[in-house]
Each structure stands twice: as structure tokens, then as C-alpha cells.
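Since the structure comes first, as C-alpha cells, the remarks are kept for the end.
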Amino acid sequence: MNSHASNPGIRATRVRVTGLVQGVGFRPFVWRLAEEEGLSGKVWNDAAGVLATVIGPEDAVLRFLSRLRAEAPPLARIDDIRSEPDTAPLDKALAGFQITTSIAGEVATGIVPDAATCPACLRETLDPAGRRFRYPFTNCTHCGPRLSIVTAIPYDRANTSMAPFVMCAQCQAEYEAPADRRFHAQPIACPQCGPRVWIEQAGNEVGTTEPIKLIAQRIAKGEIVAVKGIGGFHLAVDASNDKAVDTLRARKKRPRKPMAIMARDLDQVRAYCDVSKEEADLLTSAAAPIVLLEPKQETGLASGLAPGTDRLGVMLPYTPLHHLMMSELSRPIVLTSGNLSEEPQAIENTQARKSLNQIADAYLMHDRAIMNRLDDSVVRVSRSGNAVLRRARGSHPRQSAWQKCSSNHRYLFWQWVES
């Protein structure tokens, strides 16, 4: 008989949570709630979502269940919470509340989308005193790659492209501490143990200790560079340089379709475009999509960015790599898919070297594999609401972009998405 069965004041409950609840810090969140409510038990991932057994006074269990939905982590999406009495024999060695090993099985859950760099990770990346200073892969459970690196469910490090990178002692300590925001953050890394970036030109690595700074300098000089991002390669040029933009169009064989730009921050966006509160919220959200904005007159940007349209596609940096690159530049850049028109976006280093060698003057490479190709999402705000023109990076693909696009936006859909 379970020890709690003879005590009518103690309740053992099995809790099933479904939705997008893996890779978002949900297990440490459950651990924290259980600790605060004085409950014992355990929590783990499986192929259907998150399971937990919680043991304690009935009123504490009820508070725990209520708080699960009300206080969920920012990137989580809870579809359902079900609870029932747990009559299974308990592990006698179980003490307090524990986070246990994931269990594989038939897949019935999803992976959350990649999320833009959170404020805490950005501060670390820019902090000269921090061990992740200027590290382009800084992340935690609230931000960073998810869908782009995963190979299987449950979402554990062994099932991602981070598996080859063995954590150093400091990263391991963060990964194993439930109170740390990097607890079980599967892409956790630092300069000592994680992926690295480098520049290539003509098939050879360019020697430099500051590859991101050097690639920014080359963009400022008018060169076309290929940048390996979170979900694929992009081609980048100075958005104010007419010659560079025209050259990119000619090499990419994309004579008319609009090209989006990346700005350093919201203040820089406002220097070139009118931005409503709704548009600003989209730009700075965890999804960090391309937002179609109304450009101001006489912006100084190249005339060939979006010919024939009254909107300009704009996005903000969404990884530490992009934040570091944009911090070195005084003007926005074009950031368009790394491919020839009609071909898929390159995601592998070898593929990019072959398919982009007639377009890019240089490459900013890294060695974290992209497992799932993710282009940039595109949205527009209008009086009828938000129109999702392309659902991709940062958005869970629950519904096609065409289904989400109202009829009065379909012209823009074709203009911005088809290439």
C-alpha cells in the first residue's frame, strides 16, 4: 500500500499536460510550483507532452493545478491539463520533488518554434564581464533554436543537432540546476564547448578573431555575404547601397520580387518606416517575423528593395549572431533567402558553398547543423487585423499561410512569398 493511502489528508495525483510544453522550461516550472506548494513527486517528458505525479495536501494540489495554466512559461502553449488519482506504487527512494528522465514513445506532441533572443540572454551576450560575451549562440529555455535543430521527440539534447557538442562543466552545472533558467535548455552552449563561427572566401577560411565584426565591415563596403542563420542561409547587403542591391538581384536572378531588410532596433526602424503599436509588438515578439510597414519618404534606402509595392518588409535581429552583426553597422541590411530564385534556401554548409558561390563574395559560417529549413515568417497589420502571409520561423505551422490570408491581402501574399 502507498504511504499516502492511509492518510486521508494527503492526495496523490497524476497530471498530464499536452500542447507545446517541451523545450520551454516547463519541467523546471512544474518543479518550482511543487516546491512552493510543498508537494513531493516527480515530473518528466514523454512523447505526448509532460507527465507529473504530485503528492501532498488536497488544497495544495488544487492550487498547483490552478497555477499550472495561469503561470505557464512564456513560450509554452497548453492545450489540455488532465488530472486523476494516482494509485501506482511510488518509488520509495523518491524524496521531495524531482525532474526525471524523459520517456520515448509514439509521438503525440509538438516542438515549439524557434524564439528570438530574450532580454536576459542579450544582456549576457553584450556584457564584457560575462563568459558568453559576444558569443553568437547564447540561449536559454526562454529563447533560441527549437524546431530548426530537432531530429526527434522527446525534445532532448540527444535528439538535436547539439548532440555532438559536449557541455563543459559550467554549462553542465547550469543545465542540471532546476532553479537556473538554462535547466535542460537543450541548445545550451558557451565559447568553450559550443558551436563556433568563421568566415570563408573562395573555399578557404579567413583568419580573424572577430569574424562577425569583419563580415559586417565587408557588408558596409558593398559586398554580398552569405550568412548562416538559425533556419537557413541568408544573403546580406547594405540596404542603402543601390549598386549592391542591384548586383544581388542580378546574381540571385530575382529582378522584381520584394526583399526584406533587418534593422538594428526599433528606433532604427522608426527612422525609415511608420510603426504602429501593433506593428512594434510584432517586431519585438518572440516570433520576430518580417512585418510589412509603410516606408517614409526620402529614406535614403536603395530604390530597388521593393519595387511596385507600397510596403517594406522589416525585421529585427532574432539571434545573438544577428544582434552582434547589426551592432557593427550604421544602416539596415537586406536579408533575403540564400538561394537562386526558384530554388530552396540553403541550409547545409556544403550546399551553400556550391549553390551560392556565384552570388556571395564571402560566407559567415557556423558548425551547428540546421535540421529543419525555416524561412522568415511574414505578417501585415491592417484594420481587419493581423494577416499571416507566410507562417515559418517563429510560428508553429498549425494552419497554412494561404488559409490565414484574407482575400484583400492575397496580392501581397504572392508579391512577398512567391519567388
Side-chain angles (χ1 to χ4, degrees), residues 113-114 145 147-151 161 199-203 215 218-219 223-239 243-262 289-290 292 302 304-309 313 315 318-319 321-322 325 333-378 388-395 397 400-402 405 410-419:
D114 297 37
L147 183 58
S148 63
I149 62 169
V150 72
T151 59
S161 58
I199 294 177
E200 283 187 20
Q201 183 174 1
I215 210 72
R218 297 185 70 158
I219 292 172
E223 294 188 27
I224 299 171
V225 303
V227 178
K228 187 179 183 182
I230 202 168
F233 278 82
H234 284 92
L235 294 163
V237 296
D238 181 349
K243 182 179 179 181
V245 171
D246 291 345
T247 301
L248 173 59
R249 283 196 175 278
R251 293 182 186 178
K252 186 176 164 68
K253 299 181 181 178
R254 186 173 181 171
R256 297 288 299 172
K257 297 296 182 182
M259 295 191 295
I261 68 170
M262 176 176 280
I290 294 171
L292 301 189
L305 294 178
T309 69
M315 61 183 143
Y318 51 85
T319 73
L321 184 152
H322 293 101
M325 184 170 65
I333 62 171
V334 170
L335 204 65
T336 188
S337 296
N339 62 321
L340 281 169
S341 188
E342 307 297 339
E343 293 184 359
Q345 182 183 23
I347 62 172
E348 298 175 352
N349 292 356
T350 301
Q351 175 193 12
R353 292 182 186 108
K354 181 178 179 181
S355 63
L356 304 180
N357 68 334
Q358 299 299 313
I359 305 176
D361 299 310
Y363 298 79
L364 183 64
M365 298 286 218
H366 65 72
D367 56 354
R368 184 179 68 198
I370 298 170
M371 308 310 300
N372 299 292
R373 179 182 290 107
L374 295 172
D375 212 331
D376 298 307
S377 294
V378 182
V388 181
L389 307 184
R390 179 169 64 201
R391 185 179 292 276
R393 175 193 52 77
S395 297
S400 74
W402 178 254
C405 185
R410 288 181 180 174
Y411 173 72
L412 276 172
F413 178 93
W414 294 116
Q415 284 288 93
W416 276 95
V417 177
E418 292 297 300
S419 61

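In this text, all values refer to a predicted model and were calculated from it rather than measured experimentally. For reference, positions follow the sequence shown, starting with 1.
For the atom pair CZ (Arg218) and CD (Gln201), the distance works out to 4.0 Å, reported to the nearest 0.5 Å. From Lys252, atom NZ reaches atom CD of Glu343 across 9.5 Å, with rounding to the nearest 0.5 Å. In this structure, CE on Met325 lies 7.5 Å from CG on Leu364, to the nearest 0.5 angstrom. Taking OG of Ser337 as the start and CZ of Arg254 as the end, the distance is 7.0 Å to the nearest 0.5 Å. Taken from CZ in Arg256 to CZ in Arg249, the straight-line distance is 7.5 Å, to the nearest 0.5 Å. A distance of 4.0 Å separates CZ in Arg251 from CD1 in Ile224, rounded to the nearest 0.5 Å.
When each of Pro113, Ser148, Pro145 is tested with Leu374 by the rule side-chain contact (heavy atoms from CB on, under 4.5 Å), just one qualifies, namely Ser148.
Considering only heavy atoms from C-beta on, Ile359 comes within 4.5 Å of Leu248 through its side chain. Using a 4.5 Å cut-off on side-chain heavy atoms (C-beta onward), Leu147 and Arg393 make no contact. For the pair Leu235 and Val334, the minimum side-chain heavy-atom distance is 4.5 Å or more. A 4.5 Å side-chain heavy-atom check between Gln345 and His234 finds at least one atom pair inside the cut-off. Side-chain contact check for Asp376 versus Leu335: every heavy-atom pair is 4.5 Å or farther apart. Within the 4.5 Å cutoff, no side-chain heavy atoms of Phe233 are placed close to those of Asn339. A 4.5 Å side-chain heavy-atom check between Met315 and His322 finds every atom pair outside the cut-off.
Closest non-hydrogen pair, Ala226 versus Leu356, comes out as CB-CD1, 4.0 Å. Nearest heavy-atom pair, Lys228 versus Asn349, reported as atom, atom and distance to 0.1 Å: NZ-OD1, 3.0 Å. The minimum heavy-atom distance linking Gly313 with Leu292 is given by the pair CA-CD2, 3.7 Å. Nearest heavy-atom pair, Ile261 versus Ala239, reported as atom, atom and distance to 0.1 Å: CG2-CB, 4.0 Å. Nearest approach of Val237 to Val245, heavy atoms of both residues: CG2-CG2, 4.1 Å. Annotation for Ser161 and Arg368: closest pair OG-CG, 3.8 Å, computed over non-hydrogen atoms.
Looking only at distances, no side-chain donor or acceptor of Tyr318 sits under 3.5 Å from a matching main-chain atom of Pro289.
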